[in-house]
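We name chains A, B, ... by the order of the sequence lines, and we start the count at 1 in each one.
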Amino acid sequence: MNQNKNSENRWIKLLIIFILSCCIGLITNSLRKDGIPLIYSSFEEIEPIGEEYISLTKAKELFDKKEAIFIDARISSEYNKAHIKGAINLPFTDFDLSEKIMMLFEKIPPDTNIITYCDGVECKLSDSLAKALKEAGFLNVKVLHNGLTRWKKSGFPIKEKGKD
Amino acid sequence: MDRKDLSPYLALLFRWVLGIIFIYASINKILYPDLFAKAVANYQLLPDEMINIFAIILPWLEFLTGAGLILGIWVKPCAIWISFLLFIFSLALSISLFRGLNISCGCFEFTRETKIIGVTTIVRDISLFLIALYVAFFDKKLLSIR
């Protein structure tokens with residue numbers, strides 16, 4: 001009987017800890033100036049502002065019209081697992097990146113629309129690759145921030161390993 | 001002296017280590033809830049409607065349970081909560097790694113470039129999970145308030 005009571009007490013304490021966390025969290029969030037809304041807004045919230053970026057809508061428009069080349073800046077193993085359909089892979093971390101960019105420069109006109117992307121809000125590979133492409137002479141390079149995640153979340157075409 | 005005699009002292013040491021880690025982990029999350037919410041969103045596991053609420057409540061759960069371990073208040077319930085959280089974190093990290101997501105952990109720091117998740121992150125969380133279980137089972141209320 002003592003054991004049952006101990007077990008019951010433990011459950012009550014677990015619940016109290018959780019309720020306390022909820023109360024403190026919600027109250028402090030409502031009182032602070034930089035409190036966040038209760039519902040996360042994924043689409044508008046992570047669209048960065050800047051000339052170097054392209055919106056998801058615009059990128060999809062160019063994709064549909066086949067008026068842009070998408071370049072995945074991640075390492076090959078990440079690219080092979082999943083990438084935007086039709087995107088080529090130019091890992092920014094490759095030791096021979098400069099050579100690969102020069103080869104690309106010989107194949108396509110410098111005013112081609114190029115959209116670089118990687119994965120994750122904090123991923124900067126696409127920004128770095130875009131900068132390298134511009135320095136090589138490409139004129140219309142844009143970055144699709146957190147490209148793969150947002151593209152996939154919007155249900156746009158993806159090529160995944162093992163799937164057609 | 002057999003191993004059982006040492007267990008309360010080991011549990012006390014583990015309590016303090018876990019408590020400090022969890023309080024430290026909660027600080028940036030409390031200070032920057034928007035960045036923590038983005039880090040949570042990157043895992044693509046929770047529905048959008050739950051992300052911010054999770055980002056608001058979790059840091060305080062970490063803080064309170066960490067403080068509970070250090071002060072010796074309701075140690076076993078705090079250790080049980082921490083074990084549960086670490087189990088969830090390990091699972092989330094494993095799923096994300098399996099999916100090939102190139103994201104940072106969001107465990108401690110968001111205000112500068114952080115390492116992307118890897119096997120070491122999962123091993124770390126599993127180790128802490130085992131430590132928390134040890135505390136839950138072997139704590140004997142040494143240097144405890146309640």
*Evaluate ring-ring contact (aromatic ring centres under 6.0 Å, His included) for Phe18(A) paired with Trp60(B), printing each intermediate quantity in order.*
CA-CA 9 Å; Phe18(A) 180 69; Trp60(B) 286 105; over 10 Å; no
*Passes salt bridge (Lys or Arg N to Asp or Glu O under 4.0 Å), Asp96(A) versus Lys100(A)? Steps please.*
CA-CA 6 Å; Asp96(A) 58 348; Lys100(A) 288 183 175 167; 3.6 Å; yes
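Between Phe63(A) and Trp151(A), the gap from one ring centroid to the other is short of 6.0 Å.
If you measure heavy-atom distances from Ser77(A) to chain B, you find no contacts under 4.5 Å at all. The contact between Leu64(B) and chain A is made entirely by side chain atoms (from C-beta outward), counting heavy-atom distances below 4.5 Å. With a 4.5 angstrom heavy-atom cutoff, Leu20(A) touches chain B via backbone and side-chain atoms both.
A heavy-atom distance below 4.5 Å is found between the side chains of Phe22(B) and Ile82(B).
Side-chain atoms of Asp127(A) and Tyr53(A) include a donor-acceptor pair closer than 3.5 Å.
Ranking Asn29(A), Ile17(A), Leu26(A) against chain B, the residue ahead of the rest is Ile17(A), based on heavy-atom pairs under 4.5 Å. Between chain B and the residues Ile36(A), Asp34(A), Ile75(A), the most heavy-atom pairs under 4.5 angstrom are made by Ile36(A).
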